[in-house]
Every structure is written in C-alpha cells, then in structure tokens.
Number of protein chains: 2
Amino acid sequence: MTDKPLILVTNDDGITAPGIRTLIEVMTTIGDVFVVAPDSPQSGMGHAITLDAMLYAQNVNINSGPQQEFSCSGTPADCVKIAIRELLPRTPDLCVSGINHGSNSAINVIYSGTMSAAIEAGIEGIPAIGFSLLDYSWDANFEASKKHIKTIAKNVLKSGLPKGIVLNVNIPNVKSETIKGIRICRQAKSNWVESFDKRKNPQGKDYYWLSGKFVNLDGGEDTDEWALENNYISVVPVQFDLTAHQFIAELNTWNLK
Amino acid sequence: MTDKPLILVTNDDGITAPGIRTLIEVMTTIGDVFVVAPDSPQSGMGHAITLDAMLYAQNVNINSGPQQEFSCSGTPADCVKIAIRELLPRTPDLCVSGINHGSNSAINVIYSGTMSAAIEAGIEGIPAIGFSLLDYSWDANFEASKKHIKTIAKNVLKSGLPKGIVLNVNIPNVKSETIKGIRICRQAKSNWVESFDKRKNPQGKDYYWLSGKFVNLDGGEDTDEWALENNYISVVPVQFDLTAHQFIAELNTWNLK
C-alpha cells in the first residue's frame, strides 16, 4: 500500500462486466484499487442484503493491473459491507460503483443495485459515487465516460461529501465531442408504465414477464432527465434520510387517537 | 365488489406469515381486500424487482374470509406491480404492507421489503402504509397492533397522502395498555455495526455470515427510535425523491470541467 487514496470499486452487473473493467482502469490512475463485486449480474436488486444465507468471497484475477479483486456471491450492498468489514486493509477513501450498463436516472435510483452499493458506502460514512451509462448493451462504449468519471472522482476525493449524501452520475450514450458538460440536477419525477406479458408454460400454468416503458412526466429543466436528453452528464446528490420533513406538521393535525 | 374501499395487502415475510394474516383480518373490517404477497420470505430484499426471470402468480386460499388472495413468486415490489397491472379489478384505494415481523425504523427503511412494497404503491400514486412490529419471531403477538393499524388506515383512506409520500409505521412490542399513543417522527440517524463470521465449508472453502447490532447514534426526541424506546408507535412520512436539494448549490461551486 502507498499513500495514494484507497478506492473500493463495485457494481451490480457482475465483476466481469465491461463497465466495471473501465471503472477499474480509470481508478487505478488515481488511487490504490480494491474491487469487491458480485460474481453474477444483480441488476434491479435495489438495496437487497443477504440475511439468511451465507456468502462466498474469493480473491480472483480477472485481468492484469495493480488492483486487488474479490468476487462475492452476494448483492451489491453485501459486497460493500464485506469489503469494509472483512476484506479491505482499512476504510476506503472513496467508493465508486458501476459503470452501470443502463440508466439509473429519475426513479430508477430506487431499483438500482449500482446506487444501493454507493448508498451502503455512504451509510458507513465513505464518500461514494454511482456511475451509469445510458446503454444497456454488454458491448457499450465507455470511452467518452472516462475523462468525466476521473474529474468527478478527483473532486470528491478533494472536497469530500457531507455525511448522508452520495452522488448519482448518469452519462448520455453519445460521442465524446457531443457531451456538452456536467449539470447538477434533481431527480426527475418520472415513472415506468409497466405491463405484464402473460404466457403459459409447457404444463399449462400461467406465468408473467414484466415489461414497460419509461415516461418522463417532469417538465423541469433542472432534472437529470432534461440534462441527459440534452447531452449533459447528470449529477444528482442523493440522500438516504427518507423522511418527508415537509409533511410532519400536517400529519400532526390528524386525529390518531 | 361493493362500494367499500379496495385495499391491496402485501408483505415481505410471505403470504402465510402471521403478520399478514393479522393485517388481512383488520383490513376486511374496513374494505374489500385483495392480497398479493410473496410465496416465500423476502426479508432484506429492499426494492429489488425481477427483471430477467418470469413470475408466477396464482389464486390461493390460505384461510377463510372475504378476501381474495394471490401468491406470487416475486419480490414485494413485484407483488405490487403485478397486483396493480394484472390482478386487481381496479386501482386500489389503499395499499398496506406487513405487519412485518421485526423493526423497519431508522435506516432499516432502506433494506426493508415491507417498505419497498409500500413505496412501489406510492410511486403508482396509491396511498400506502408499511406496518412493522418490533418482534422478529414467527409467533409474535400482533393483538395490541390491531386497533392502531385500523385507526391509521382509516385516517389515510379519509385524508389521502400527498403524491410522493408513504407512511412507515413501527409498533413497540409491548402490551396494549403500555402503548402510550402515536408519534409523528423523523427517521433516526442510526446504523448497523456489522461483522462477518468467517467459517470453512466441509471442502475447506471460506464462507461468511453477516451479523451485527443496531446502534442509535441520534439523541433527538423527534425520531422513530426515541418514540419506540418510549413505548410510542412511530409514524414517519417517507419520500422517494432522494434528491439532497440542500447540497445542489454547493455542488454547483465545484470545478467539474
């Protein structure tokens, strides 16, 4: 170990995903990198943790580089917990999660394993960032992301983040020269409009596939959706105190005797 | 169907758990009840959803009563999605989740399958409440909860909830006469201090069990932890816009070029 910052890298697409390999490549240029990531894809896992099963975590060597790597059988949040409590030599200076293959803007932050890993680090008081590229494909092109990811990570290492806040960074899927810059945003009020595709299995029993399309219902120009549609990288500061403080006074007028 | 309110009941402990059976019993006294709940325990699932597997949902009859019941192979959030989109005759007037066997106070709201079901309903614009009793055992005594759950649910049916807000209700595990009343609270700043118990499997490979204890680091008397320690039922209004609005101005001063 050196006096360089210690950086924990994780994700939800699994340790072999091209997105995390790119993130490792960028992070090794600014710190000592420890990777603790799921051994299989965990998209849509939200903030799931493993309570009633045991976990495996083993030292692996996915590709060459100065990083140390561990593959873990748990969820993204499990990876961060076991990294901090068991596998890392000391508390990391930064935790980065991603680069996710696909968007985690707007309400997607709630379902995102990528962001739950960042939030888990935030709960432990570690500055943390989730990075996502708006391309769901396995062979997504992460080249244009690299420079911006490095800039944002270096800023967080320099300035820190307030206790209770992590960053949710989404990157439009466009060429480097088309990216207009970085915008600080709020989470758009957008929803999935979902449907279920009902089918019969070979034994005649009904089963369902979830499908849906994302609808932006928020006309604001200060949202992550607006930024991404206009070729900006969106940065949303995310908190995990979920209290709706503005509604407490009103609730106190209810008759709950 | 009648002109009574339509109430969706779900949980994360599974459709046969005593907690949900109690909640169904209470809700059938105030509305027409549809149950769509996981076919197996889903504690700690957070806001996980099933993206790359299919779901089963089948009509079941766990015990007698006027309710209709469906058992679903998915997560709590999946149950709410498939209930609303596929199984219910119309959009429900209320969604209640629980009664969870164990606390969902403070930071536990993040990991909670019970609360993720309520939040999923909230995302769809349905007034929603998660109920939890501070007793993790399967044979927990839910008797003292019934009266208060009915009061809170009737109030939500009467007054509604603002878009983007659901309620997180925790009930102390004490006798009815010891409960002092209901307090509107904020989420306490409390953490799990975790450790991993490292063992070897019969083949000599390391594995880990997560364990930990909950530590309340928040001295405020307006928190859910304070209320519960003092034998009050805690009601926290919970929002799913995670934006830390208060940090946007500061982030705009960073040099992210």
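- With a 4.5 angstrom heavy-atom cutoff, A:Val236 touches chain B only via side-chain atoms.
- Heavy atoms closer than 4.5 Å to chain B are found nowhere in A:Ile179, neither backbone nor side chain.
- Proximity to chain B is absent for every atom of A:Asp224, based on heavy atoms less than 4.5 angstrom apart.
- Both the backbone and the side chain of A:Ile82 come within contact range of chain B, with heavy atoms under 4.5 Å apart.
- Contact tally against chain B (heavy-atom pairs below 4.5 Å) for A:Gly181, A:Ser211, A:Ser159, A:Gly212: the top residue is A:Ser159.
- Looking at A:Leu256, the atoms closer than 4.5 Å to chain B (heavy atoms on both sides) sit in the backbone and in the side chain alike.
- Chosen from A:Val156, A:Asn168, A:Leu167, the residue pairing most often with chain B at heavy-atom distances under 4.5 Å is A:Val156.
- Residue B:Gln187 comes nearest to A:Leu242 through the heavy atom pair OE1-N, 2.8 Å, listed as atom of the first residue, atom of the second, then distance.
- Between B:Thr243 atom OG1 and A:Lys189 atom NZ the span is 7.0 Å, to the nearest 0.5 Å.
- Only the side chain of A:Lys198 comes within contact range of chain B, judged by heavy atoms closer than 4.5 Å.
- B:Pro237 and A:Ile248 make their closest contact through CG-CG1, 3.8 Å (heavy atoms, listed as atom of the first residue, atom of the second, distance).
- Remark: B:Gln239 CD to A:His245 NE2 distance equals 7.5 Å, nearest 0.5 Å.
- Between A:Ala53 and B:Trp209 the shortest heavy-atom distance is C-CZ3, 3.4 Å.
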Query raised in the report: Is there a side chain to side chain contact (heavy atoms under 4.5 Å, CB included) between A:Tyr111 and B:Ile123 once you walk through the steps?
Result: CA-CA 12 Å; A:Tyr111 304 104; B:Ile123 291 170; 3.6 Å; yes
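- Neither the backbone nor the side chain of A:Glu250 comes within contact range of chain B; no heavy atom of the residue lies under 4.5 Å from a heavy atom of that chain.
- Taking OG of A:Ser195 as the reference point, atom CD of B:Glu86 lies at 8.5 Å (rounded to 0.5 Å).
- Between B:Lys205 and A:Tyr56, the closest heavy-atom pair is CE-CD2, 3.6 Å.
- Neither the backbone nor the side chain of A:Ala106 comes within contact range of chain B; no heavy atom of the residue lies under 4.5 Å from a heavy atom of that chain.
- For A:Asn191, the part lying near chain B is the side chain, with the backbone staying farther off; criterion is any non-hydrogen pair under 4.5 Å.
- In this structure the side chain of A:Tyr208 reaches within 4.5 angstrom of the side chain of B:Leu87, judged on heavy atoms.
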Requested in this report: Applying side chain to side chain contact (heavy atoms under 4.5 Å, CB included), run through A:Tyr207 and B:Leu55 and close with a yes or a no.
Outcome: CA-CA 6 Å; A:Tyr207 69 94; B:Leu55 296 175; over 6 Å; no
